[in-house]
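First the structure, in the form of structure tokens, and then the observations on it.
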Amino acid sequence: MKNQVRLLRSGRRWTQEELGRRLGVSRQAVNAIETEKHDPSLDLAYRIAAIFGLAVEQIFENGHADKTQDE
Amino acid sequence: MDRPTKRFLVANLLFTAGYLAVTGVMLAGVFLGPRYGILHPLTGPVRWGMSLCFGLFMVGQLWATLVLIRDSDEFVRGVLARQFILASGLAIASYSAWGFAEVFAGAQHIPGFMVYFLFWLFLGAVRPFVRSTR
């Protein structure tokens, strides 16, 4: 899932380790989300959004948005 | 290395040590000791009991794996589950194929406990390639 996590994290000068610590996940998990190797659960997506003070859809691209509008 | 992984490695090391220790005692008590007149041969019930020990050590490793999966975050959990499912599937498939080859093609017999070694072999082989949950 395309996302802005790397951009937001580097904007705050946090390492992946630091963001992982704040989220309660491993550095590998942060790296996997940033490189789109892992789609976070809804709970983790909300935690990420809360840490950056943004809405989930401002961080994660909703690939289903167009489909919903078509229907 | 995070705490769940450390705990998993320590537990795995202990169970592997137990496995190897029982293997050593079995080899000494069943084959080597009696042959060279050092030990009395192990009796039937002891052999059965020690054979069951091997299974218990494997159950211990399974338990350690489940604890690791429980204590890891969602990404590590997903990757571990994929790796373990792939490795166990490949081990079962290849050992079953060999079993058919034994029955129908005269292949040499391989003892059943080898499937466990196959599992760890395949786990080592798939780990570098399964690094995502997708």
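Both backbone and side-chain heavy atoms feed into the values below; hydrogens, waters and symmetry mates do not. Keep in mind that this is a model prediction, so the values were computed, not measured.
For the pair E74(B)/P40(A), a side-chain contact is recorded, criterion being any heavy-atom separation below 4.5 Å from C-beta on.
For R12(A), the CZ atom sits in a packed shell: over 12 heavy atoms of surrounding residues, nucleotides or ligands are nearer than 6.0 Å. Annotation for W48(B): atom CH2 does not count as buried by contact number, only 12 or fewer foreign heavy atoms lying within 6.0 Å.
No continuous path of ILVMFWY side-chain contacts below 4.5 Å connects L13(B) to L66(B), so the two sit in separate hydrophobic clusters. Criterion: ILVMFWY side-chain heavy atoms under 4.5 Å apart, direct or through other members. Under it, V59(B) and I69(B) are not part of a common hydrophobic cluster.
Between F75(B) atom CZ and L44(A) atom CG the span is 12.0 Å, to the nearest 0.5 Å. Separating the NZ atom in K37(A) from the CZ atom in R134(B) is a distance of 11.5 Å, to the nearest 0.5 Å. Atom CG of D73(B) sits about 7.5 Å away from atom CD of Q28(A), to the nearest 0.5 Å.
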